[in-house]
Novice: 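Here it is: the structure, laid out below.
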Amino acid sequence: MATRVGVVVFPGTNCEHDALAGLEVAGARGTLVWHTETQLRTMDAIVIPGGFAHGDYLRPGALARFSPVMEAVGRFAAEGGPVVGICNGFQVLTEAGLLPGAFVKNRGLKFVCAPTTVRVEVTHSVITAGLEPGTRLCIPVNHFSGSYVCDERTLAHLRASNQVILRYLDNPNGSIDDIAGIANDAGNVVGLMPHPERAIDELLGSADGLALLRAFVSSSACVRAG
Amino acid sequence: MSVRAAEEPLHRALGLTDDELDRIVGLLGREPNALELALYGVMWSEHCSYKSSRLHLRRLPTAGDRVLVGPGENAGVVDAGDGIAVAIRIESHNHPSAIEPHQGAATGVGGILRDIFTMGARPLAVMDPLFFGSPDDARQRWLVEGVVSGISSYGNSVGVPTVGGELTFDSCYSSNPLVNVLCLGALPVDRLVLGRASGAGNLAVLLGAATGRDGIGGVSILASAGLGGGSGADAIKRPSVQVGDPFEEKRLIEACLALLDAGLVLGIQDLGGAGLACATSETAARGGVGMDVDVSSVPRRELGMAPWEVMTSESQERMLAIVTPGAWPAVEELCRRWEVRAAVVGTVTDDPSGRLRVLDRGAVVADVPASSLADGAPLYDRPLREPAGLDARRADDPTFDAPAGDSEADLCALLCDPSWVYRQYDSQLFLNTVVGPGADAALLRLAGPGLPPSERGVAITTDSAPRWCAIDPRQGVALVLAEAVANLACVGASAVAVVNCLNFGNPEHPEVMWQLSETIDGLAAACRALELPVIGGNVSLYNESTGADIDPTPVLGVLGLVEKLRRRPPGMGWVDGDASTVVLLGARRAPGALGAPGAPGAPGAPSPAAHPLGGSTWAVTCRSRRHGALPPLDLVAHREVVRLVTRLVADSVGGGDGLLDAVHDVSGGGLGVALAEMAISGGVGVRVESLEGHRELFSELPSRIVVATRRPDELVGRARDAGVPAELVGVVGGSRFVVDGLVDLGMDELAAVWSGALRARLEPV
Amino acid sequence: MRFAARVEVRLRPGIADPEGTTIERALPALGFDDVRGVRTGRSFRFQVDATDVETARRRVQALADRLLANPVIEDSELEVSLEPDSGEP
Amino acid sequence: MRFAARVEVRLRPGIADPEGTTIERALPALGFDDVRGVRTGRSFRFQVDATDVETARRRVQALADRLLANPVIEDSELEVSLEPDSGEP
Ligand SMILES: Nc1ncnc2c1ncn2[C@@H]1O[C@H](COP(=O)(O)OP(=O)(O)O)[C@@H](O)[C@H]1O
Ligand SMILES: [Mg+2]
């Protein structure tokens with residue numbers, strides 16, 4: 001049976017269908033999970049997709065983190081379940097305290113939609129498992145508040161414990177230490193600003209995102225089996 | 001304003017003429033009350049009634065095999081095949097953007113999206129043709145920044161990709177920027193729904209945002225006329241600018257599409273200009289029924305709103321749906337799920353004369369025939385006059401100006417990368433964008449949530465040429481249509497339908513009416529020649545500043561289709577490798593011209609010029625010469641070139657063997673700019689030989705498309721078979737951009753000039 | 001002398017404030033059903049050099065009107081006070 | 001009783017404020033070379049119902065801490081006062 005991935009939808013989320021499409025190409029079966037849901041037990045993995053949850057009003061992720069589903073996501077993550085937040089999903093995860101740090105407006109103070117090149121730094125996270133460190137992937141970003149910030153201690157910790165999983169080669173937003181994606185200590189909760197689901201087909205300009213999505217789907221299958 | 005109101009009769013203060021008042025009295029058989037007068041005031045405004053342009057618009061061809069819905073509805077709809085229909089519409093939001101660029105543009109996006117999903121279509125793409133004064137002025141930069149950020153923040157957040165547009169700077173827009181927005185959506189053919197009411201006893205349901213005193217603008221005169229409204233003098237000062245809420249709109253889109261999917265809605269209509277007054281009277285009039293609306297049932301954002309305020313408010317993000325009483329509980333339930341407010345505000349009646357009755361807690365406060373509001377405005381056949389001195393302007397041609405000047409510097413001055421604008425737009429959502437902004441046309445997969453599977457693609461482009469239209473609106477708009485169709489060909493799409501946004505000056509100036517009339521005739525003729533229907537449009541008049549009208553600015557959006565979209569089209573960038581050859585398809589010289597360098601030309605007797613420069617970007621930008629004769633256009637020959645290129649590109653897009661490495665049409669800036677853009681895009685230089693001087697480098701003679709190929713003989717053969725002229729003009733390769741005798745620049749330098757041009761002007765310091 | 005300035009820019013009364021409305025709608029679920037009428041704004045703090053408080057205030061007002069707020073939809077409110085460690089030119 | 005609250009949320013000192021910097025950079029060209037140190041923030045105004053000013057202040061503080069500011073990067077400052085036309089529940 002295919003890996004079942006719950007794709008969380010807040011009011012204002014807009015990349016949920018794209019995430020479903022990406023997961024499907026990567027071999028998983030995605031299901032939309034409305035933000036009022038409190039049970040995720042039937043899921044093997046969770047994706048929090050991009051968009052503008054609650055309009056991004058106040059701050060990206062600030063209101064979404066109080067949606068009922070986030071408590072369930074917290075439990076799911078605490079039990080070792082794979083959770084990936086893409087773009088707005090990453091912002092939600094930091095607001096919810098499931099990942100460290102915060103986001104501020106892009107350097108340049110403008111929304112940026114553009115292809116970027118990221119380098120895979122470490123491979124113990126659910127989204128980079130099995131990839132070669134140093135692999136370069138061409139994946140687009142699409143955000144206004146995409147500049148990752150954290151205090152020095154957090155940064156030192158992220159580095160020391162190999163939690164920086166992706167770095168930009170052409171930092172589009174001013175993120176500290178060129179961080180494009182991080183994982184928690186255990187590697188099962190991941191946030192990344194680039195949109196791998198937008199790079200799943202050469203027809204769209206790149207299929208590099210599939211490497212990440214496939215890694216995610218197969219490591220989710222492992223978690224379930226194990 | 002209040003002083004004027006004290007002196008002026010109410011109807012005039014509301015924008016109605018004395019004759020219009022007489023007409024209203026005739027229609028009603030009595031004097032209207034103040035609320036009724038306000039309803040006529042907004043519904044008979046130029047914006048809502050098209051009273052100055054309607055007579056002319058009738059001359060546009062609107063029929064076509066694929067047309068499911070033509071002009072008159074919220075959007076035009078064509079059958080795209082595979083059970084999918086495509087809805088498209090373009091609109092202006094010029095005046096609000098001039099005073100609050102961010103919100104003005106943002107609400108423009110919101111409004112055009114509603115026009116699309118009101119047809120049952122999911123909005124899939126936006127385009128934004130923009131026109132400003134010179135960016136060397138700080139106020140213009142403020143406008144550009146605000147408009148682009150408004151489109152970006154609303155479009156990105158609501159979740160509709162912006163896949164292209166245009167950016168034009170010209171001093172005629174200094175106090176009157178133009179912000180046009182086009183939206184394209186798709187729907188399963190059987191979800192098509194129209195904005196009409198039916199069935200006595202059915203309910204009129206208001207969906208979305210609460211109603212406040214937004215955008216009441218001119219009508220707020222009623223407050224000062226002492227006719228109620230708790231706001232008093234406050235309302236008069238209220239600006240007619242609204243704040244957009246993309247989050248509300250996003251929920252509204254999902255809720256409305258879910259309601260339509262569930263078959264719960266009989267008719268639906270967005271609330272745009274003139275708010276509830278417009279939505280209720282139009283749905284009733286289209287359905288030939290009556291309607292009762294009780295303003296006390298309308299959810300309010302503000303206290304103490306009078307009936308006229310509720311009826312004319314332009315609060316954003318609202319829709320009016322017609323549902324049966326039996327369906328209402330399910331409608332309520334679905335709306336709750338999407339966190340969208342829904343309230344029954346009225347009922348459909350079987351009143352034989354189709355009256356719209358406005359009630360306030362049950363008491364009738366207005367009672368007028370709905371059709372008299374929606375369709376009863378007088379149609380004006382305003383006087384026309386050709387502007388003085390046009391012949392002299394056309395004769396003042398820059399083509400043979402001497403000396404030629406520094407072509408290398410001129411070319412650099414014409415290069416501009418618009419990505420400063422479009423990088424701020426999400427152009428990729430829905431995973432449909434095969435070709436996004438920055439190319440000749442956008443090319444999208446025809447797919448989306450809820451659509452039947454299809455291999456088809458849909459292409460879209462917007463184009464305009466106000467300078468040309470100022471010299472000759474008839475010929476100018478034909479050239480615009482020709483360019484648009486060529487743009488589509490470059491991504492392999494065949495044009496199928498046209499929408500237009502006619503941005504003009506003050507219609508009370510006979511010269512402006514002449515421009516409008518000529519434009520419509522020119523567009524009608526060109527559409528007939530290319531067998532394209534016009535399926536929708538918008539007219540924006542009174543674009544003027546301190547008495548000066550803008551250049552006539554018809555903006556065309558043209559929709560194209562691709563049968564099989566399996567591979568990316570070649571694009572404009574050529575590739576390095578075994579000698580790709582540059583071939584110019586289409587006549588290299590204007591018909592009838594002699595062709596020898598500098599040919600028949602003493603100044604003063606410029607025509608026929610082989611490489612005309614009248615009205616060209618080069619003449620305006622590099623020589624400040626705005627006049628001259630427009631290049632000739634032969635639509636029959638144009639069609640052949642476009643057909644050939646469409647076939648070649650469509651073949652490669654469909655997965656066939658690609659004969660072309662690169663393709664790009666010659667447009668603004670001429671062959672020089674087209675070649676430079678191809679080189680920059682591919683990152684590879686070129687050597688072009690024996691051009692006929694700077695005129696050939698910068699002429700904007702239409703019907704020419706540049707391609708690169710590694711099989712030039714085969715290509716030339718194909719062109720010959722199709723009756724299309726083809727000439728080898730250069731060879732791709734190396735790291736220099738060379739046009740013999742005219743330009744010799746390193747690719748790095750060329751690319752830097754191109755990519756830095758816009759930023760340098762918009763972000764000085 | 002150096003003055004500390006604070007400018008608060010808010011949407012004018014009656015103009016829709018979707019952000020405020022959205023925050024307000026979320027509050028009851030967070031246990032804040034005692035809060036209403038949320039309106040959002042932007043604030044700016046800076047120092048301004050001027051010979052006296054009146055001049056400083058005029059400068060701040062000019063800055064607010066010209067750059068920080070769009071009077072078509074926004075009002076601005078300002079506070080100007082002597083910087084504690086000011087006094088020297 | 002009803003209280004009027006104002007919360008101002010600003011980036012913590014040390015966190016870069018590119019918006020403030022950008023405004024400051026634009027100022028000399030507009031003739032404001034007497035202004036420096038621009039920092040931007042967001043403001044929230046609302047009413048809160050409470051039995052006394054202390055309770056009101058605690059509620060506002062809680063709202064600011066839980067929702068309005070992100071403590072990782074932001075500080076908040078608040079003001080609470082009795083609404084002029086208050087008194088009734
Ligand atoms: N305001 C804008 N928004 C989005 N894309 C834009 C805008 N202005 C220009 N573009 C994009 O930049 C490219 C070049 O525009 P333009 O020079 O008008 O093309 P063309 O000459 O082929 O019509 C097009 O792909 C267009 O869609
Ligand atoms: Mg074009």
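The shown structure was predicted, so the numbers you read here are calculated from the model rather than taken from an experiment. When reading the values below, keep in mind they use all heavy atoms of this one structure, side chains included, and skip hydrogens, waters and symmetry mates. First the proteins, then the strands, lettered A, B, ... as listed; each starts at 1.
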Novice: Is it the backbone or the side chain of C:A5 that comes under 4.5 Å from a heavy atom of chain D, or both, or neither?
Specialist: neither
Novice: So, the side chain of C:R10 versus the backbone of D:S43: is there a donor-acceptor pair under 3.5 Å, distance only?
Specialist: no
Novice: If the threshold is 4.0 Å, N to carboxylate O, is there a salt bridge linking C:E8 and D:R42?
Specialist: no
Novice: Measuring heavy-atom distances to chain D, does C:L27 have an atom under 4.5 Å in its side chain, in its backbone, in both, or in neither?
Specialist: side chain
Novice: May I have the step-by-step check of side-chain contact (heavy atoms from CB on, under 4.5 Å) for C:L68 and D:I23, ending in yes or no?
Specialist: CA-CA 9 Å; C:L68 303 179; D:I23 293 172; 4.3 Å; yes
Novice: Contact part of D:A50 toward chain C, heavy-atom cut-off under 4.5 Å: side chain, backbone, both or neither?
Specialist: neither
Novice: Start with the C-alpha distance between D:T40 and C:R45, add both sets of side-chain angles, then the distance that settles side-chain contact (heavy atoms from CB on, under 4.5 Å), and finish with yes or no.
Specialist: CA-CA 6 Å; D:T40 64; C:R45 299 203 174 224; over 6 Å; no
Novice: Can you tell if the side chain of D:R36 reaches within under 4.5 Å of the side chain of C:V48, non-hydrogen atoms only?
Specialist: no
Novice: Sequence neighbours excluded, which residues qualify as salt bridge (Lys or Arg N to Asp or Glu O under 4.0 Å) partners of D:E24?
Specialist: none
Novice: Name the residue from C:R59, C:R2, C:Q47 that meets the side-chain contact (heavy atoms from CB on, under 4.5 Å) definition with D:D34.
Specialist: C:R59
Novice: For chain C, which of D:V38, D:D33, D:L67 has the most heavy-atom pairs under 4.5 Å?
Specialist: D:V38
